[in-house]
Amino acid sequence: MTFAATIESVRQHQIPDWYHDAKFGIFIHWGLYSVPGWAPLSGDISQTIKELGPEYWFASNSYAEWYLNSMKFENGPTRKYHDATYGPDFAYEDFAPHFNEAVKNWNPEDMAALFQRAGARYTVLTTKHHDGFTLWPSAHPCPTRPGYQASRDVTGELSSAVRARGLRMGLYYSGGLDWAVSEARVENLRDVWGTIVQTPEFVAYSTAHWRELIDRYQPSIMWNDIGAPWAMDLPELFAYYYNQVPDGVINDRFGQTMPVMKENGGIEGHPVGVHYDYVTPEYASFETRQTQKWETTRGIGHSFGYNRDEGDDQLLALPALVHLFVDIVSKNGNLLLNVGPMADGTIPANQRERLEEFGRWLDVNGEGMFGTRPWSTAESETTDGLGVRFTTQGEAVYATLLGTPGERKISIVGLGANLNTSCQLLGQASVLPWQQDGDNLTITLPEQLPDSPAHSLKLMAVSVP
């Protein structure tokens, strides 16, 4: 299908199966902010905004990638850290030569190999964050800061490395905010959209960047952030992309007006006239199964960019990560989990360990996640109160227990069986005994369950009574 440059035409695009099947991707926030690699430990954005308000969060921003904006709060923690560490006369752009020296040591194959071990099916790289620094050699350089780009083609080298490992490559671009062009301080949620650059020059600049990224790197995902200028011709850009990458997908963050902010810090609703393939709650999730495809994005800790002060206490523990992922998949979502490399591309040891632990869990239980679709019901529990999440693929239904049962026999509430029903624990070949107890299915588990934060059961011929 050839797409025309109209909103009606691009809305005919269908989400490809690969994105439904993928379930797990890795986000990479990496740029000049990775040199200082610091932010206050103020907590997850959704929780902090809900409890303390957006003004507090922006002044004490836990997102290390917002370092440049956070520096502008004269009495804020980031300004105090910056002055004490680098001196008050050290400008943010002075980090550029330090980043370019450090990135000489980066090995993209090592990074891609880690993502593959983690079980990821796609990767999304921040090609330009809000600070305006680009991670590819653009023919459209920053108009205010000469040489304001990476000395290596990070975007191209990583694209080649991850594709060689069988992963899809997506590209992030800050479509509305560019602090190298507009230096206005963002103090609250309204400022986020109120400081989107609206000049004709910036419209041409950002449009040229997107087209350049499409032409050079053929990204499987256009992952935009913080909207787009009012005058940007989005239908034309989307049609150009789909005609170049027919199985590509576009996220929901090209909105040209401010969306409604929910109490938990998430975004509700999308501006009329904007097209998207899927929605992207941030540090938030849905409580029920969704018909619209969605993707939760969050850091392993409280920040997307590297924060040298984040220790194990700030990172998601493996059980919490696994349970979050299983819940998201059961409700028609994907998880885009972020890593924040240091300036030289090294992923901090505690983040690396978490990815490898998660990959080992997926090695055993991935059959119940990858390639699946939501079942007729997303969740239940055992009669002992242990959470259960469901997915399906072909004739199989997968019931994943969110934890390890205290007893060998478990009864899953509201699950029906018949003479053809069979049950197997993923990772083990034996068939498990079962019996129907009213509206519940009772299953006898192996005597020795593996040490795991969640256990997936493969069920054949079951139903909701």
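Checking side-chain atoms of S303 against main-chain N and O of A64 turns up a donor-acceptor pair under 3.5 Å. The main-chain N or O of I300 is never found under 3.5 Å from a side-chain atom of R354 such that the two would form a donor-acceptor pair. Under a 3.5 Å cut-off, the side chain of R185 and the backbone N or O of K72 do form a donor-acceptor pair. The backbone N or O of P246 lies less than 3.5 Å from a partner atom in the side chain of H13, making a donor-acceptor pair. Under the 3.5 Å distance criterion, the side-chain polar atoms of E310 are matched with a main-chain donor or acceptor of H302. A donor-acceptor pair under 3.5 Å links the side-chain atoms of D252 to the main chain of T280, judged by distance alone. A donor-acceptor contact shorter than 3.5 Å is absent between the side chain of K23 and the backbone of G366. A donor-acceptor contact shorter than 3.5 Å is absent between the side chain of S159 and the backbone of Y217. Side-chain atoms of S9 never come within 3.5 Å of backbone atoms of F3 as a donor-acceptor pair (strictly under, hydrogens ignored). A distance-only check finds a donor-acceptor pair linking the side chain of E212 to the backbone of A139 [under 3.5 Å].
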What's the verdict on salt bridge (charged side-chain N to carboxylate O under 4.0 Å, His left out) for R11 and E8, showing C-alpha distance, side-chain angles and the deciding distance?
-> CA-CA 5 Å; R11 281 180 174 168; E8 294 78 16; over 6 Å; no
Criterion side chain to side chain donor-acceptor pair (under 3.5 Å) on E379 and T377, from CA distance to verdict = CA-CA 6 Å; E379 61 185 278; T377 185; over 6 Å; no
Could you check R79 against F73 for side chain to side chain contact (heavy atoms under 4.5 Å, CB included), going step by step and ending with a plain yes or no?
-> CA-CA 6 Å; R79 183 76 245 181; F73 290 85; 5.8 Å; no
T400/N365 under side chain to side chain contact (heavy atoms under 4.5 Å, CB included): CA gap, chis, key distance, verdict | CA-CA 9 Å; T400 301; N365 299 280; 6.0 Å; no
V464/W375 under side chain to side chain contact (heavy atoms under 4.5 Å, CB included): CA gap, chis, key distance, verdict | CA-CA 10 Å; V464 180; W375 196 39; 3.7 Å; yes
Assess whether side chain to side chain contact (heavy atoms under 4.5 Å, CB included) is satisfied between N251 and E295, documenting all intermediate values.
-> CA-CA 9 Å; N251 79 338; E295 173 191 79; 5.8 Å; no
I would like to know whether R117 and E356 meet salt bridge (charged side-chain N to carboxylate O under 4.0 Å, His left out); could you show each step before the answer?
-> CA-CA 6 Å; R117 291 198 304 275; E356 291 178 334; 2.9 Å; yes
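A centroid separation of less than 6.0 Å is found between the aromatic rings of H209 and Y205. Remark: aromatic rings of Y172 and H129 are close, center separation under 6.0 Å. Annotation: Y19 is in aromatic contact with Y122 [ring centroid separation under 6.0 Å]. In summary, the aromatic rings of W57 and Y63 are positioned with their centroids under 6.0 Å apart. Ring-centre distance between Y283 and F304: below the 6.0 Å cut-off.
Side chains of Q244 and Y240: a donor on one and an acceptor on the other come within 3.5 Å. For the residue pair H29 / T126, no side-chain donor-acceptor distance below 3.5 Å is found, with atom types taken as modelled. Using modelled atom types, one finds no donor on one side chain facing an acceptor on the other under 3.5 Å when comparing H82 with Y92. A donor atom on one side chain and an acceptor atom on the other are found under 3.5 Å apart for Y242 and D277. S456 and E367 share no donor-acceptor pair across their side chains, judged by distance under 3.5 Å alone. N332 and W294 are not linked by any side-chain donor-acceptor pair at a separation below 3.5 angstrom, with hydrogens and angles left out of the test. Side-chain contact, T346 with D344: a donor N or O sits under 3.5 Å from an acceptor N or O. Looking at E157 and W106, their side chains never bring a donor and an acceptor atom within 3.5 Å of each other.
Contact check for F58 versus E187: no side-chain heavy atoms found under the 4.5 Å cut-off. Inter-residue side-chain proximity for P16 and V249 is flagged as met; some heavy-atom pair is nearer than 4.5 Å. Proximity of L402 to V326: side-chain heavy atoms (C-beta onward) are separated by under 4.5 Å at one or more points. When side chains are defined from C-beta on, R168 does not count as touching I221, because their heavy atoms never get closer than 4.5 Å. Residues M222 and I214 have side chains in contact (heavy-atom distance under 4.5 Å, counting atoms from C-beta outward). Side-chain contact between S220 and W18: present, with at least one pair of heavy atoms (C-beta onward) separated by less than 4.5 Å. Between R389 and M369, every side-chain heavy-atom pair lies at or beyond the 4.5 Å cut-off. At least one side-chain heavy atom of D44 sits under 4.5 Å from a side-chain heavy atom of R298.
With rounding to the nearest 0.5 angstrom, the NE2 atom of H275 is 10.5 Å from the CG atom of L234.
The shortest non-hydrogen separation linking I328 to S285 is CG1-OG, 3.9 Å. The minimum heavy-atom distance linking N338 with I28 is given by the pair OD1-N, 3.6 Å. Here the closest heavy-atom approach between residue I196 and residue G227 is recorded as CD1-CA, 4.4 Å. When all heavy atoms are compared, the tightest approach of L32 to A96 is CD2-CA, 3.5 Å. The minimum heavy-atom distance linking V203 with Q198 is given by the pair CG2-O, 4.4 Å. Here the closest heavy-atom approach between residue S330 and residue D327 is recorded as OG-O, 2.8 Å.
For the ring-ring contact (aromatic ring centres under 6.0 Å, His included) criterion with F95, the lone passing option out of F133, F90, Y148, Y33 is F90. Of the residues listed (R373, K293, R121), the one engaging D17 in a salt bridge (Lys or Arg N to Asp or Glu O under 4.0 Å) is R373, and it is the only one.
Within 6.0 Å of CG in D215 there are more than 12 heavy atoms belonging to other residues, nucleotides or ligands.
With a 6.0 Å cutoff to the six-membered ring centre and a 45° limit on the axis angle, R253 does not count as a cation-pi contact of Y276. Judged by the 6.0 Å distance and 45° axis criteria, R165 is not positioned over the aromatic ring of F115.
A salt bridge does not link K128 to D225: none of the charged side-chain nitrogens sits closer than 4.0 Å to a carboxylate oxygen.
Note on ring orientation: taking the six-membered ring where Trp is involved, the planes of F325 and F370 are tilted (angle from 30° to 60°). Taking the six-membered ring for Trp and thresholds of 30 and 60 degrees, W210 and Y173 have ring planes inclined between 30 and 60 degrees apart.
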